[in-house]
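What follows is a set of notes on a single structure, which appears directly below.
Convention: sequence-line order gives letters A, B, ...; per-chain numbering from 1.
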There are 2 protein chains.
Amino acid sequence: MTRSQIPATKPPRISDVAARAGVSLSTVSRVLNGSTTVDSAMADRVHEAALALGYAASPLARSLVLGATQTIAVVVPDLGNPVFQAVLRGLTSTASRAGYHVLVADSFESADEEPELAMAARRRCDGIVLCAPRMSDETLARLLPALRPAVLVNRSSDAAPSVSVDYRSGILQLLAHLTELGHRTISYVSGASAAESDAARRAGIRAFVDDHPEVTVREVPGGVDFAAGHGAADGVQASEATAVLAFNDLVAMGLLSALSERGVRVPQDVSVTGFDDIPFAAYTTPPLTTASVPVEALGTQAADRLLALLAGRAPDEDVSFEPVITVRGSTGDALQR
Amino acid sequence: MTRSQIPATKPPRISDVAARAGVSLSTVSRVLNGSTTVDSAMADRVHEAALALGYAASPLARSLVLGATQTIAVVVPDLGNPVFQAVLRGLTSTASRAGYHVLVADSFESADEEPELAMAARRRCDGIVLCAPRMSDETLARLLPALRPAVLVNRSSDAAPSVSVDYRSGILQLLAHLTELGHRTISYVSGASAAESDAARRAGIRAFVDDHPEVTVREVPGGVDFAAGHGAADGVQASEATAVLAFNDLVAMGLLSALSERGVRVPQDVSVTGFDDIPFAAYTTPPLTTASVPVEALGTQAADRLLALLAGRAPDEDVSFEPVITVRGSTGDALQR
DNA sequence: TTGAAAGCGCTACCAC
DNA sequence: GTGGTAGCGCTTTCAA
C-alpha cells in the first residue's frame with residue numbers, strides 16, 4: 001500500500017520543548033500547568049516553543065504520575081438497546097463537559113463476564129458506571145469495593161450511589177389505565193427473571209392484584225428484545241387476556257409485529273403496553289401506550305454522581321425516576337372485543 | 001455519607017508480588033507475560049503470589065512502557081443516531097474480541113470541535129475510527145497525519161483506509177422503484193449539505209434525472225433527524241410531489257408524523273422513502289420503504305481495518321456497501337392519488 | 001535462568 | 001523564581 005499508516009514523526013516530548021525554549025523540564029511543566037508564578041518572558045518562550053512543536057503532554061505519562069486518567073468507564077449489557085444507548089449518550093454529554101473521556105464496555109448480555117469486564121475497564125480509568133441488571137447481588141457486593149468509585153444504574157446498594165427508575169410505579173399506572181378501560185384478564189410478558197427491574201414490575205403487579213381482586217394477571221415468559229416479544233405471541237394468545245403488559249417497548253414492538261402477522265388487531269382484539277418510551281414508540285403501528293422513562297437523565301445523573309465522587313464532593317442522594325404513562329393507540333376499551 | 005468511596009486498599013504493585021514470591025521484579029514480569037523460560041517452581045510461586053494478592057499489572061504503566069494502550073477510539077457526530085449507534089456496536093464487538101477497549105467521543109454535531117476532540121481521543125489510545133461526515137476535506141487532510149493509524153467511515157481519502165456506503169446506488173434504486181410506481185414529480189428532503197453522503201445522494205439523483213427526462217426531482221431543505229423531517233412537511237406539500245425521498249429513516253419518520261397530523265395519507269396521497277433501514281423502520285405507520293444499509297458491518301469492518309493496521313498487517317481494500325432496497329407500505333402507486 | 005538498572009514521559013518535591 | 005531529581009509502575013536490555 002502506498003499510504004503509510006505510521007505517524008510521520010513521534011510526538012514531541014516535554015524535553016523537546018524545554019530545549020527549544022532554553023529552560024528546564026520543570027519550567028515547561030509549570031508553565032503548561034499554569035501553577036506557580038513563572039517569569040512572563042520565560043512563559044512566553046515556553047508557549048511559543050510548545051506551539052511551534054505542536055506539543056501536548058502525553059496523557060499516559062500524566063495519568064501515571066497524577067494517578068488520574070480523566071476517563072470514566074460505563075458497562076452496559078447491550079449497546080443495541082435504546083435504553084442503554086440513551087444512558088451512554090447522557091453520560092458522554094455530562095462527562096465531556098467536565099473534561100472527562102468515556103470508555104464503553106458492552107457485556108453482550110453475558111452476566112458471567114461482567115465482573116472481569118468491569119474490572120478491566122475500571123483499571124484504565126478513574127471511576128465506573130455500572131448497568132448490570134442481571135448480576136447477582138453477591139457478585140455485585142464482592143465486586144463493588146474493587147470498582148469504587150462507582151455508580152449504579154437501576155439497582156441499589158449501600159456501597160455505591162445509584163440512579164434508577166421506579167418500575168413498580170410505572171407498572172401500577174399502566175395497570176390502572178388498563179383496568180379503567182375495562183380489562184380484567186391481563187398478561188405480563190416478563191423480562192429477564194434475574195433482573196431487579198423485572199422483580200420491581202412483578203411487585204407492582206402483585207400489589208395491584210391484591211387491591212383489585214377482579215383483575216387477573218398471568219405471566220408469560222418473555223425477554224428483553226424484539227425477538228422475545230415476537231416469540232411471546234403464542235403464550236399471549238393462549239392466555240386469553242384482553243390486554244398485555246410487555247416488559248419494555250422492544251418486547252411490545254415484537255409482539256405487535258407477531259400479532260399483526262396473525263391477524264390479531266390492536267387494540268380492538270387486544271391492548272398492548274410497552275415500557276420506557278423509546279424514541280420510536282410513537283411511530284409503531286399502532287403507536288404504543290407506554291410508561292415514559294427519562295432514560296438520558298439516567299446517564300447524566302449517574303455521571304454527575306461519579307464526577308462528584310471524583311472531585312471529592314458528596315454525590316447527590318440516590319434518585320428514583322417516576323415514569324409517566326403516555327397513552328397512545330395501542331390500548332383501547334376492553335368492550336370493543 | 002456512611003459509604004466510603006475510596007478503594008479500601010491501593011491495588012498491589014509488581015513489587016508486592018515479587019516480595020511475596022521472593023523473586024525479583026523482572027522475574028514476576030517474565031512469568032506474567034509468559035515470555036522466556038522460567039524455572040517452573042519459581043513460576044508457580046509467582047502465580048500463587050499474584051493470585052493471593054489479586055494482582056494485575058497497571059495498564060497505565062504497561063501502556064507507557066510498551067507504547068500501546070490496547071484501546072481504540074471512535075468519534076461520532078451524534079450518539080442519538082441509530083446509524084452511529086450501530087457502528088459503535090459493531091466496532092465494540094470486534095474490538096473487544098481482539099482484546100481492545102473502546103473510547104467513544106461524541107462531537108454533538110459540532111464539526112468545529114471535531115479536530116480537537118479527535119486529537120484528544122487519539123492521544124489516549126492506539127488508533128481511531130472517524131465518523132465525521134461534515135468535516136471539510138482540508139481539515140481532514142490536515143488532521144489525518146496526526147491521527148494515524150486511522151480508519152474513515154463514510155468518506156474516502158488516500159491517506160487512510162475507509163469503509164462506506166454507496167448512497168448513490170441506494171438512491172438510484174429508490175428512484176427506479178418510485179418511477180416504476182408511476183411517480184414523476186418527486187421531492188428530495190436533503191440532509192446536511194456539507195456531508196459527503198448528501199452529495200452522493202444528489203449525484204445519484206442528477207444521474208437518474210438525466211436518464212429519465214420525464215422525472216422531476218425538487219430539493220427540499222431538510223436535516224438529519226426527526227425534527228428536520230417534521231419541519232420539511234411544508235416544503236414537501238408546496239412541491240406538489242407525489243413521492244418523497246427522505247435523507248434517512250429518521251427524517252422519513254418525522255415527515256410521516258407531520259403528514260399524518262395534516263391528514264395527508266401515506267402512501268395514498270404521497271409515497272415516502274427512507275434510507276438506512278434502522279431497526280425501527282419496519283414498525284412505522286405505515287412501515288417504511290427504505291434502502292437497507294449493513295450499518296453494523298460498517299463498524300466491524302472499520303475495526304477490522306484498524307486492528308490490521310495496529311498489528312502491522314495490510315488492511316483490506318476500501319469497501320463500499322451496496323444498499324438493498326426494502327419495499328414496505330410507505331410507497332404505493334402514483335395513480336391512486 | 002535470574003537480578004540490577006535504565007527508561008517510557010511526565011509532575012512535584014526540594015534545594016538553590 | 002528556577003533547575004535538578006526522585007519516582008509513578010512497569011518492561012526489557014544487559015550482566016552475572
Side-chain angles (χ1 to χ4, degrees), chain A residues 7 9-47 49-50 53-71 99 119-120 122-126 146, chain B residues 7 9-47 49-50 53-71 99 119-120 122-126 146:
Chain A
T9 56
K10 296 208 65 171
R13 294 159 305 153
I14 193 170
S15 56
D16 298 327
V17 179
R20 191 181 226 268
V23 300
S24 72
L25 305 185
S26 324
T27 300
V28 176
S29 180
R30 279 190 208 103
V31 170
L32 267 27
N33 291 306
S35 58
T36 4
T37 331
V38 191
D39 179 78
S40 66
M42 251 184 176
D44 288 348
R45 291 218 310 283
V46 169
H47 278 127
L53 263 29
Y55 174 79
S58 154
L60 233 45
R62 292 196 90 228
S63 296
L64 186 60
V65 63
L66 259 21
T69 61
Q70 294 292 105
T71 301
M119 284 297 294
R122 175 61 185 85
R123 294 185 61 77
R124 343 197 131 242
C125 63
D126 303 337
Chain B
T9 56
K10 298 207 66 171
R13 294 158 306 152
I14 193 170
S15 57
D16 298 326
V17 179
R20 192 179 226 268
V23 300
S24 73
L25 305 186
S26 326
T27 301
V28 175
S29 179
R30 282 190 203 102
V31 171
L32 267 27
N33 291 307
S35 58
T36 4
T37 331
V38 191
D39 180 77
S40 67
M42 251 185 176
D44 287 348
R45 290 219 309 284
V46 169
H47 278 126
L53 263 30
Y55 173 79
S58 154
L60 232 46
R62 293 196 91 228
S63 297
L64 184 61
V65 64
L66 259 21
T69 61
Q70 295 291 104
T71 301
M119 285 297 296
R122 175 62 184 85
R123 294 184 61 77
R124 338 197 133 243
C125 62
D126 303 336

### Query
Any idea which of D/dT2, D/dG9, C/dT2 is nearest the B/Asp39 side chain?
C/dT2
### Query
For residues 17-29 of chain A, which residues have at least one heavy atom under 4.0 Å from DNA chain C?
A/Ser26, A/Ser29
### Query
Looking across every strand, which nucleic acid part, if any, lies under 4.0 Å from A/Leu66 by heavy atom: base, sugar-phosphate, or nothing?
sugar-phosphate
#### Entry: Whole-Å distance separating the CG atom of B/Leu60 from the C1' atom of D/dG7
15 Å
### Message
Given C/dC10, D/dC8, C/dG3, identify the nucleotide with an atom nearest to the side chain of A/Leu64.
### Response
D/dC8
### Query
If you check the A/Met42 side chain, which of D/dT2, D/dG9, C/dT2 turns out closest?
D/dT2
### Query
Over how many whole Å does the gap from B/Asn33 atom CG to D/dT12 atom P extend?
7 Å
### B/Arg30 CZ - C/dA5 C1' separation (whole Å)
12 Å
## Note on the structure
What one should report as the nearest heavy-atom pair of B/Val46 and B/Val17 is O-CG1, 4.0 Å
### Message
Taking 4.0 Å as the cut-off, does a side-chain nitrogen or oxygen of B/Arg62 come that near to OP1 or OP2 on D/dC10?
### Response
no
### Query
Minimum heavy-atom separation for B/Gly99 to B/Gln70, with atom names?
O-NE2, 3.6 Å
### Task
For the side chain of A/Val65, starting at C-beta, report the closest nucleotide among D/dG7, C/dC8, C/dG3.
D/dG7
### Query
What is the minimum heavy-atom distance between B/Leu64 and A/Leu60, and which atoms define it?
N-CD2, 3.9 Å
### Task
Using whole Å, report how far NZ of A/Lys10 lies from P of C/dC10.
11 Å
### Side chain of A/Ser58 (C-beta onward), nearest among D/dG9, D/dG1, C/dG9
C/dG9
### Message
Between B/Ser29 and B/Asn33, do the side chains contain a donor N or O and an acceptor N or O under 3.5 Å apart?
### Response
yes
### Query
Tell me: CD1 of A/Ile14 to P of D/dG4, nearest whole Å?
13 Å
### Query
Tell me: CZ of B/Arg13 to P of D/dT11, nearest whole Å?
14 Å
### Query
Any side-chain N or O of B/Tyr55 less than 4.0 Å from the OP1 or OP2 oxygen of D/dC10?
yes
#### Entry: Heavy-atom pair with the smallest gap, counting every atom of B/Ala146 and B/Met119
CB-SD, 3.7 Å
### Message
Run the side-chain hydrogen bond (donor to acceptor under 3.5 Å, both in side chains) test against B/Ser26 and tell me which residues pass, sequence neighbours left out.
### Response
none
### Task
Heavy atoms only: give me the nearest B/Pro12-B/Gly54 pair and the separation to one decimal.
CG-O, 3.9 Å
